[in-house]
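The chains referred to below are lettered A, B, ... by the order of the sequence lines, with proteins before strands, and numbering in each begins at 1.
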2 protein chains.
Amino acid sequence: MKNRLKVLRAEYNFTQADLANKLGVSRQTVNAIEKGKFDPSLPLAFKMSKLFQLSIEEIFQNEELE
Amino acid sequence: MKNRLKVLRAEYNFTQADLANKLGVSRQTVNAIEKGKFDPSLPLAFKMSKLFQLSIEEIFQNEELE
DNA sequence: ACTAAAAGTAAATAAAACTTTACATTTTAA
DNA sequence: TTAAAATGTAAAGTTTTATTTACTTTTAGT
């Protein structure tokens with residue numbers, strides 16, 4: 001699963017720690033998701049979606065399904 | 001997290017077992033998600049999205065975030 | 001009403017997401 | 001150029017998602 005978190009953080013001038021705070025998760029969780037180590041839970045994806053005002057599909061792309 | 005899986009299954013005339021097969025998960029997993037026992041992983045949500053040709057937001061609603 | 005298919009549920013287990021602590025490396029700015 | 005901030009990473013532990021097996025209840029068709 002690919003994601004645009006790094007770019008979105010840059011646009012909003014958020015550090016990983018900033019984003020983690022706003023999402024209510026740890027900095028390491030944000031880092032791991034950003035680096036593709038694992039995928040966020042659906043609720044966390046929804047939080048990101050709301051924060052950046054983008055659809056989940058605009059933030060995450062599942063390359064497995066074409 | 002609410003979802004429209006039961007209705008979508010009805011529209012497509014899928015049993016829980018049918019849907020489970022198409023998604024590559026167990027029937028009990030489909031049942032549990034449908035009954036709101038837990039949320040699907042993000043990759044599983046994407047599979048559902050593709051199968052029903054609906055956005056994740058059209059299938060799942062996070063009532064926690066208004 | 002009977003039967004079979006579908007749906008609901010539960011317990012035990014496995015796998016994945018996430019936390020915490022901690023330290024190393026890279027980037028930025030004074 | 002060096003100090004601080006930001007990022008990367010790792011291990012151990014917790015929580016949540018998903019599986020398997022198995023049994024009960026509900027629904028639909030005859």
Original post:
Are B:Thr29 and D:dA18 close enough that a side-chain N or O sits under 4.0 Å from OP1 or OP2?
Top reply: no

Original post:
Would B:Leu5 and B:Val30 count as a side chain to side chain contact (heavy atoms under 4.5 Å, CB included) if you check the C-alpha gap in whole Å, the side-chain angles of each, and the deciding distance to 0.1 Å?
Top reply: CA-CA 9 Å; B:Leu5 286 181; B:Val30 166; 5.5 Å; no

Original post:
Which ones in residues 9-16 of chain A lie close to DNA chain D, meaning a heavy atom under 4.0 Å from one of its atoms?
Top reply: A:Arg9, A:Thr15, A:Gln16

Subject >> Spacing between B:Phe38 atom CZ and C:dT9 atom C1', to the nearest angstrom >> reply: 12 Å

Subject >> Pairs touching residues 17-26 of chain A that satisfy salt bridge (Lys or Arg N to Asp or Glu O under 4.0 Å), sequence neighbours left out >> reply: none

Subject >> Exercise: identify the closest heavy-atom pair between B:Glu63 and B:Met1 >> reply: OE2-N, 2.7 Å

Subject >> Five-pair end axes of the helix from C:dA1-D:dT30 to C:dA30-D:dT1, angle between them (10°) >> reply: 60°

**OP:** Could you check how far CG of A:Leu19 sits from P of C:dC18, rounded to whole Å?
**Re:** 12 Å

Subject >> Interatomic distance where CE belongs to B:Met1 and C1' belongs to D:dT16 [whole Å] >> reply: 13 Å

**OP:** Determine whether more than 12 heavy atoms belonging to other residues, nucleotides or ligands lie under 6.0 Å from atom CD of A:Gln53.
**Re:** no

Original post:
Does a nitrogen or oxygen in the side chain of A:Ser41 sit under 4.0 Å from OP1 or OP2 of C:dA17?
Top reply: no

Subject >> Pairs touching residues 41-51 of chain B that satisfy salt bridge (Lys or Arg N to Asp or Glu O under 4.0 Å), sequence neighbours left out >> reply: A:Glu66-B:Lys50

Original post:
Given atom CE of B:Met48 and atom C1' of D:dT17, what is their separation to the nearest angstrom?
Top reply: 12 Å

**OP:** Using whole Å, report how far CG of A:Asp39 lies from P of C:dA15.
**Re:** 17 Å

**OP:** Decide side chain to side chain contact (heavy atoms under 4.5 Å, CB included) for B:Leu51 and B:Leu19; before the verdict, give the C-alpha distance in whole Å, the side-chain angles of both, and the deciding distance to 0.1 Å.
**Re:** CA-CA 9 Å; B:Leu51 179 60; B:Leu19 180 55; 3.4 Å; yes

Subject >> Heavy-atom pair of closest approach, residues A:Asp39 and B:Pro43 >> reply: OD2-CG, 3.2 Å

**OP:** Report, as a single string ordered 5' to 3', how protein heavy atoms within less than 4.0 Å touch nucleotides 23-30 of chain C: B base, S sugar-phosphate only, - not at all.
**Re:** --------

Subject >> Atom pair distance, as rounded to whole Å: CD1 in B:Ile33 and C1' in D:dT19 >> reply: 12 Å

Subject >> By side chain to side chain donor-acceptor pair (under 3.5 Å) - contacts of A:Thr29 (at least two apart) >> reply: A:Ser26

**OP:** Apply side chain to side chain contact (heavy atoms under 4.5 Å, CB included) to A:Glu57 and list each qualifying residue two or more places apart in sequence or on a separate chain.
**Re:** A:Ser55, B:Phe46, B:Ser49, B:Ser55, B:Ile56, B:Glu57

Subject >> salt bridge (Lys or Arg N to Asp or Glu O under 4.0 Å) contacts in which one or both residues fall within residues 7-16 of chain B, not counting sequence neighbours >> reply: B:Arg9-B:Glu34

Original post:
What's the CD-P distance between A:Glu34 and C:dA17, to the nearest Å?
Top reply: 16 Å

Extract from the structure each pairing of a protein N or O with an N or O of nucleotides 26-30 of chain D at less than 3.5 Å, listing the distance.
none

**OP:** Please list, chain by chain and in numerical order, all residues satisfying side chain to side chain donor-acceptor pair (under 3.5 Å) with A:Asn62, sequence neighbours excluded.
**Re:** none

Subject >> A:Leu44 CG to D:dT17 C1', straight-line distance once rounded to whole Å >> reply: 14 Å

**OP:** Mark yes or no for whether A:Asn3, through its side chain, and A:Ile33, through its backbone, hold a donor-acceptor pair below 3.5 Å.
**Re:** yes

**OP:** Using the closest heavy atom to pick a nucleotide of DNA chain C for each, name whichever of B:Ala17 or B:Lys37 lands nearer the 5' end.
**Re:** B:Ala17

Original post:
Would you say D:dG8 has OP1 or OP2 under 4.0 Å from some side-chain N or O of A:Asn31?
Top reply: yes

Original post:
Pairs in or reaching into residues 2-31 of chain A: which pass ring pair (Phe, Tyr, Trp, His ring centres under 6.0 Å), with residues at least two apart or in two chains?
Top reply: A:Tyr12-A:Phe14, A:Tyr12-A:Phe52

**OP:** Identify, with sequence neighbours excluded, every residue that meets ring pair (Phe, Tyr, Trp, His ring centres under 6.0 Å) alongside A:Phe38.
**Re:** none

Original post:
Phosphate oxygens OP1/OP2 of C:dA7: is one of them under 4.0 Å from a side-chain N or O of B:Lys35?
Top reply: no

